[in-house]
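Structure first, then comments.
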Amino acid sequence: MDLIYFQQWVLKEYNIDLSAYKSNQLHRRILSLMSRVEVNSVEEYIKLLKKDPAQKQKFLDFITINVTEFFRNPEIFDELSKKIKSELPYNQGLKIWSAACSIGAEPYSLAMIMDNLNSRANHKIIATDLDSTILQKAKNGEYVLSEVKNVPRQFLQKYFEVIGDKYLIDSKIKKIVEFKKHDLILDNYESNFDLVVCRNVVIYFNQDVKDKIYKKMAASLKKGGLLFVGATESIYNYKEYGFEKASTFIYKKI
């Protein structure tokens with residue numbers, strides 16, 4: 001398989017830099033996709049992606065790892081809520097970034113936490129992802145039971161309307177979140193965030209790219225701001241990025 005050629009084509013066509021991903025994992029994922037559609041070469045697969053929008057979307061979903069749910073690892077979100085209360089000026093309104101937000105479950109989880117802490121403060125959550133189709137689903141705010149299974153019962157009653165088998169996010173929570181297309185590897189980062197949440201994404205990247213992302217995230221945070229990472233993403237060299245450890249998966253910019 002000519003992985004380099006395919007990477008170059010994807011960068012040119014979709015503006016996605018596959019060289020940032022761990023090569024062995026990426027190779028397996030692409031071969032798996034090709035075997036599902038019964039193509040035997042990169043050239044054949046490229047032809048399929050060009051002519052079949054559904055296959056193109058499957059490829060983008062598979063590569064950009066759209067696996068998410070509300071309050072993923074609930075006990076860690078409980079810890080985040082405590083740290084927001086103890087470390088951040090939440091009564092003044094916080095600026096938060098939910099990076100690689102997928103279908104919106106994570107930024108809406110954050111919005112519910114913030115509204116519950118102080119519904120009168122002017123909180124702003126910027127939620128970004130690489131995939132335009134996924135961002136549209138996020139903006140719609142419609143979910144199924146499996147996606148909301150971790151939502152605390154009081155939040156489910158307060159912030160969702162149930163219509164048939166759909167759980168619709170409350171418009172009040174929607175207004176807190178602004179969705180934007182953004183590439184963690186190729187694009188510039190906004191600044192002055194109180195909290196950056198980037199979970200279960202960086203694990204797929206090689207070490208050089210991880211270093212660049214964490215440095216840029218540190219620069220995007222205010223002094224005293226928090227970085228919240230995934231349950232498998234402990235940052236062992238956090239001091240190199242200007243952080244101290246606030247909790248197991250939460251780091252504070254010093």
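Just so it is clear, the model here is predicted, and its values are computed rather than measured.
- Remark: Phe59 CZ to Ile30 CD1 distance equals 5.5 Å, nearest 0.5 Å.
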* Decide side chain to side chain donor-acceptor pair (under 3.5 Å) for Glu233 and Asn200; before the verdict, give the C-alpha distance in whole Å, the side-chain angles of both, and the deciding distance to 0.1 Å. => CA-CA 7 Å; Glu233 295 176 318; Asn200 310 302; 5.6 Å; no

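- Put simply, the side chain of Val209 does not reach to within 4.5 Å of the side chain of Asp211, judged on heavy atoms.
- Evaluation of the side chain to side chain contact (heavy atoms under 4.5 Å, CB included) rule for Asn116 yields Phe155, Lys158, Tyr159 as partners, not counting sequence neighbours.
- Of all heavy-atom pairs between Ile134 and Ile103, the closest is CG2-N, 3.6 Å.
- In this structure the side chain of Tyr45 reaches within 4.5 angstrom of the side chain of Leu49, judged on heavy atoms.
- The distance from the CG atom of Asn206 to the CG atom of Asn24 is 11.5 Å, given to the nearest 0.5 Å.
- A pairwise comparison of heavy atoms in Ala138 and Ser102 identifies CB-O, 3.8 Å as the closest pair.
- Residues satisfying the side-chain hydrogen bond (donor to acceptor under 3.5 Å, both in side chains) criterion with Asp183, sequence neighbours excluded, are absent altogether.
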* Let me see the working for Ile4 and Gln7 under side-chain contact (heavy atoms from CB on, under 4.5 Å), right down to the final yes or no. => CA-CA 5 Å; Ile4 300 299; Gln7 288 176 346; 3.7 Å; yes

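- In this structure, Ser81 contributes its side chain and Phe77 its backbone to a donor-acceptor pair below 3.5 Å.
- Residue pairs meeting the ring pair (Phe, Tyr, Trp, His ring centres under 6.0 Å) criterion with at least one partner in residues 92-121, sequence neighbours excluded, are Trp97-His182, Trp97-Tyr189, Trp97-Phe193, Tyr108-Phe179.
- Closest approach of Val151 and Leu156 over heavy atoms only: CG1-N, 3.6 Å.
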* To do: Evaluate side chain to side chain donor-acceptor pair (under 3.5 Å) for Arg120 paired with Asn91, printing each intermediate quantity in order.
  => CA-CA 8 Å; Arg120 292 186 295 275; Asn91 284 321; over 6 Å; no

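- Residues Arg72 and Glu106 are not paired through a salt bridge, judged by the lack of any N-O separation under 4.0 Å between the basic side chain and the carboxylate.
- The hydrophobic cluster containing Ile163, built from Ile/Leu/Val/Met/Phe/Trp/Tyr side-chain heavy atoms closer than 4.5 Å, also comprises Leu168.
- Scored by the side chain to side chain contact (heavy atoms under 4.5 Å, CB included) test, Leu145 finds Val148, Tyr167 as partners (sequence neighbours excluded).
- Between Val177 and Ala127 the shortest heavy-atom distance is CG1-CB, 3.8 Å.
- Judged by distance alone, the side chain of Asn140 and the main-chain N or O of Glu142 form no donor-acceptor pair under 3.5 Å.
- Tested against Tyr214, the residues Phe243, Tyr241, Tyr236 include a single ring pair (Phe, Tyr, Trp, His ring centres under 6.0 Å) partner, Tyr241.
- Outside the 6.0 Å centre-distance limit, the rings of Phe228 and Phe249 are not counted as a close aromatic pair.
- The side-chain heavy atoms of Leu184 and Cys198, taken from C-beta on, include a pair separated by under 4.5 Å.
- Within 6.0 Å of atom NZ in Lys58, 12 or fewer heavy atoms from other residues, nucleotides or ligands are found, so the atom counts as exposed in its surroundings.
- Using bins of under 30°, 30° to 60° and over 60° for the plane-to-plane angle, the ring pair Trp9/Phe6 lands in the parallel bin.
- Not counting sequence neighbours, the partners of Lys222 by the side chain to side chain contact (heavy atoms under 4.5 Å, CB included) test are Asn192, Asp194.
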* To do: Go through the steps for Asp131 and Gln57 under the test side chain to side chain donor-acceptor pair (under 3.5 Å), then give the verdict.
  => CA-CA 9 Å; Asp131 187 336; Gln57 190 56 49; 3.0 Å; yes

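- Annotation: salt bridge (charged side-chain N to carboxylate O under 4.0 Å, His left out) contacts of Asp170 (sequence neighbours excluded): none.
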* Please test Lys50 against Ile46 for side-chain contact (heavy atoms from CB on, under 4.5 Å), starting from the C-alpha separation and ending with a verdict. => CA-CA 6 Å; Lys50 282 181 175 178; Ile46 287 172; 3.8 Å; yes

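- If you take OG on Ser109 and CG on Leu80, they are separated by 10.5 Å, rounding to the nearest 0.5 Å.
- At a threshold of 4.0 Å, the pair Glu190-Lys95 counts as salt-bridged, since one of the basic side-chain nitrogens sits closer than that to a carboxylate oxygen.
- For the residue pair Ala111 and Ile173, the shortest heavy atom distance occurs at CB-CG2, 3.6 Å.
- The local environment of CG in Asn188 is sparse, with at most 12 non-hydrogen atoms from other residues, nucleotides or ligands closer than 6.0 Å.
- Atom NZ of Lys239 has 12 or fewer neighbouring heavy atoms from other residues, nucleotides or ligands inside a 6.0 Å radius.
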Which donor-acceptor pairs under 3.5 Å do the side chains of residues 32-41 make with protein atoms, sequence neighbours left out?
unit_1, atom_1, unit_2, atom_2, d
Ser35, OG, Leu31, O, 3.4
Ser35, OG, Ser32, O, 2.8
Ser41, OG, Glu44, N, 3.1

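- Proximity of Gln136 to Lys139: side-chain heavy atoms (C-beta onward) are separated by under 4.5 Å at one or more points.
- Figure legend: Arg29 and Tyr21 shown without cation-pi pairing, the cationic atom not lying both under 6.0 angstrom from the six-membered ring centre and within 45 degrees of its axis.
- Looking at Ile113 and Phe71, their side chains come closer than 4.5 Å, going by heavy atoms from C-beta outward.
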* Which is it for Val196 and Leu226 under the side-chain contact (heavy atoms from CB on, under 4.5 Å) test, yes or no, and what are the steps along the way? -> CA-CA 6 Å; Val196 172; Leu226 302 178; over 6 Å; no

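- Grouping Ile, Leu, Val, Met, Phe, Trp and Tyr by side-chain contacts under 4.5 Å, direct or through others, leaves Ile254 on its own.
- Among residue pairs with one or both ends in residues 243-254, those qualifying as side chain to side chain donor-acceptor pair (under 3.5 Å) are Glu79-Ser247, Glu87-Lys252; sequence neighbours excluded.
- Between Ile84 and Leu195 there is a side-chain heavy-atom pair separated by less than 4.5 Å.
- A donor-acceptor contact shorter than 3.5 Å is absent between the side chain of Gln55 and the backbone of Asp52.
- Checked by atom type and distance alone, the side chain of Asp129 never pairs as donor or acceptor with a backbone atom of Leu135 at under 3.5 Å.
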* Taking it one step at a time, do Ile235 and Val229 satisfy side-chain contact (heavy atoms from CB on, under 4.5 Å)? -> CA-CA 9 Å; Ile235 307 172; Val229 301; 4.0 Å; yes

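- Looking at heavy atoms from C-beta onward, Glu69 lies in side-chain contact with Asn150 at the 4.5 angstrom threshold.
- The backbone N or O of Glu240 lies less than 3.5 Å from no partner atom in the side chain of Asn237, so there is not a single donor-acceptor pair.
- Of all heavy-atom pairs spanning Ala121 and Gly93, the tightest one is CB-N, 3.7 Å.
- By the salt bridge (charged side-chain N to carboxylate O under 4.0 Å, His left out) test, Lys85 pairs with no residue at all, sequence neighbours left out.
- With respect to Lys172 and Asp115, a salt bridge is recorded, a charged nitrogen being found less than 4.0 Å from a carboxylate O.
- Between Pro89 and Leu94 there is a side-chain heavy-atom pair separated by less than 4.5 Å.
- With sequence neighbours excluded, no residue forms a salt bridge (charged side-chain N to carboxylate O under 4.0 Å, His left out) with Lys83.
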